[in-house]
Amino acid sequence: MKIIELLIEHNNYSLNRPFSYVYNGEKTVERGYRVLVNFNHQELVGYVIKVSDTNKSKKELEVELGFNIDEIVDVIDSSPLLNEDLMTLAEEVSDYYLASKISVLQTMLPPSLSPRKSSLKAPKIAYDQFIIIKDYDESDLTFTQIELLRLIQKDQPVLKREIKQVSVLNKLLEYGRVDIIKKEKRRLQIPNYEKVEIPSLTSDQKKVVDEFNNSHDQIYLLEGVTGSGKSEVYLHLSKQILEKGKSVLMLVPEISLTPMMMRNFISRFGESVAILHSELTPAEKYDEYRKIASGKCKIVVGARSAIFAPLSNIGLIILDEEHVESYKQDVPPFYHAREIAIIRSKMHNCKVLLGSATPSLESRARAGKGVYHLLTLTKRINEKELPKTTIVNMTDYHNIDRESYIFSLKLKEAIQKTLDKYNQIILLINKRGFSTSVYCRSCGHIFKCPTCNIPLTYHKSDRMLKCHHCNYCEVDHEICPECGSKYLMRVGYGTERIEEEVHKLFPEARTLRLDSDSAKIRTKIPQIIEAFRNKEADILIGTQMIAKGHDFPDVTLVGVVNADIGLSLPSYRSSERVFELITQAVGRSGRSDKKGEAIIQTYSPTHYAITMAARQDYELFYRKEMEIRKLQFYPPYSFIASVTVASKNEELTIDTVYRIIDILADELKEEAVILGPTTPYVPYENNKHIRSIMVKYRRSEIVKPALEKLLKSSLNKSGISLTVNIDPYNL
Ligand SMILES: [Zn+2]
Ligand SMILES: [Zn+2]
């Protein structure tokens, strides 16, 4: 008999320990297999972490242990899902983020392999059926049968579904002249890009590559202004690593937004590239995952979760646009791909390259202290000038165009001039939808999401009111449901409204819109980006999605319609976010041989995040923002963890959050600053009332054990769920 220790699929931290079962069956079971078990009268999936043999009977064991021990119901897998490397990684991630081990494993594995019950229904291997010759013999066949036999002979193996004469084929199969073989099919269609010649590096790029190669440091931050050619550095270094027989992990923030990076890698490295990102179907993910695990792919290009790709012998890990917040997962285990990259690089003894035009303050500070090796690209390729940027003060009514009130005279004029020259324009407004909220002018009723209690946004294209936090939506109203008045007001504006305004002011202009509404359909984003590149439109209107790393050679004007969105958010990161967004957006202008221009409309024309972004002066912004962070004891001068309490009972939630504050204050004393409780932006979710606190600290080795104790304590039971988010972004 075997004693099996396993983790249960529920990811509550109080269950974060091995549970023991026994197994008497015929099947093989090892560490890394999934099994079915009964747990608290529920059939669940368990992930095996230890197997040992015993001569004792189940009865004897139970007497010895003092409790009943169940048999596992069934063994699911026939080989371990993760190798020892990845198992170790899972443990380190779980320790760093105070996340249950099972939640980490569930994150690491694709849906079809994940240790959870729902995974058992997910798609598995797909096969193509091919026809091959088994016994080439034309005797006793009809002419049509001989014809097909000869065709197959010439082209074998032939895809079965491509043979139209099904009855003829069936006869050949029946006579034993041909046979069917199955071949595993890769469901993801990797486009077949033309091989491109590798351009030689500029002297600046070459300097960076040499400095990288000649140093023994482990982690590098490549700070390069927009358009300075960071991608070429990545491609060049990747090629060197592949030539050494090692593999490369290339991370991008969102693959659908950066099709160029994927295209560059595929056109240079072809079949050895695997793609992993959240927009693949579960079936495609499963195929790509297995292909990587089998060692057939040497390069993985992917988004956040690709950091867990089962690559072996990693020689280099690259994170492009390392400042982008989507590298941080905002559900448990709340990991950040950069931290995982660093953990993995230590295990593989390889280098990590972080790249950005606007590095996160954390990374830039580490580079400043020599923890990371700082590399810089200060010039645009071919010495292209940065775009000429103007800030327009929207509080001064002289600047505003009376026809629209949304556009300034300056921006309107620049758009017209650009259109006249047949160049392209990008307009950024970091808010989707038509208007930001709707209220009744008679009684003041504000239309809010029933689950999140935040204002609903009006979307004109489908005449719906939508919640931008959850996916709630309702049909737009004609009359107020409270008082019956028909005077409903729509205030604020988003991408849809800007598009309408553009059509009004520039009826001849062709527009495209890119925001997460257009992203609801899977292939839509790359289509829109491609169409804009092909000059099928003159103006691209969008949210922060349009600011990310795109290279549109004919864009000579970028207009930031309202730079202030985000500045007023109650987060210590709000200035950094606004600075990044505007810098990146402005950087889209004038990337080819045409001179670029950018116009920033703002109600805070003297705010340092806006003025420094206009000048693309990262270093100055960095110094200014660091002073503020230091004064306020925020990262990178401290670490932050947030503790969230959720329960169905509001009183219980509030009670518990105060108890936690007392416990932590008592335990940590001067080691931490505890702020809160705060009511989050969305205070009510999934029928639960939510409150949170923020802990600022310097010494993780003291604070983390206290938080872990809290998670394991009796507070995290009976109707309350506690979550800890280490280095949170959503504050
Ligand atoms: Zn009303
Ligand atoms: Zn909602």
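Every value quoted in this text rests on a predicted model; they were computed, and no experiment measured them. In each ligand, atom 1 is the first atom listed, and ligand 1 is the first ligand listed.
Between Arg510 and Glu536 there is no salt bridge, since no side-chain nitrogen of the basic residue lies less than 4.0 Å from a carboxylate oxygen of the acidic one.
The Zn ion (ligand 1) is the vertex of the angle joining SG of Cys480 and SG of Cys440, which measures 110° to the nearest 10°. Seen from the Zn ion (ligand 2), atom SG of Cys449 and atom SG of Cys467 lie 110° apart in angle, a value rounded to 10°.
Relative to the six-membered ring of Tyr96, Lys704 meets both conditions, a distance below 6.0 Å and an angle of at most 45° to the axis. The cationic group of Lys696 lies under 6.0 Å from the six-membered ring centre of Tyr634 and within 45° of the ring axis, placing it in a cation-pi geometry.
In this structure, the side chain of Glu650 does not engage the main chain of His689 through any donor-acceptor pair within 3.5 Å.
For the Zn ion (ligand 1), the N/O/S atoms of Cys443 include one lying under 2.8 Å.
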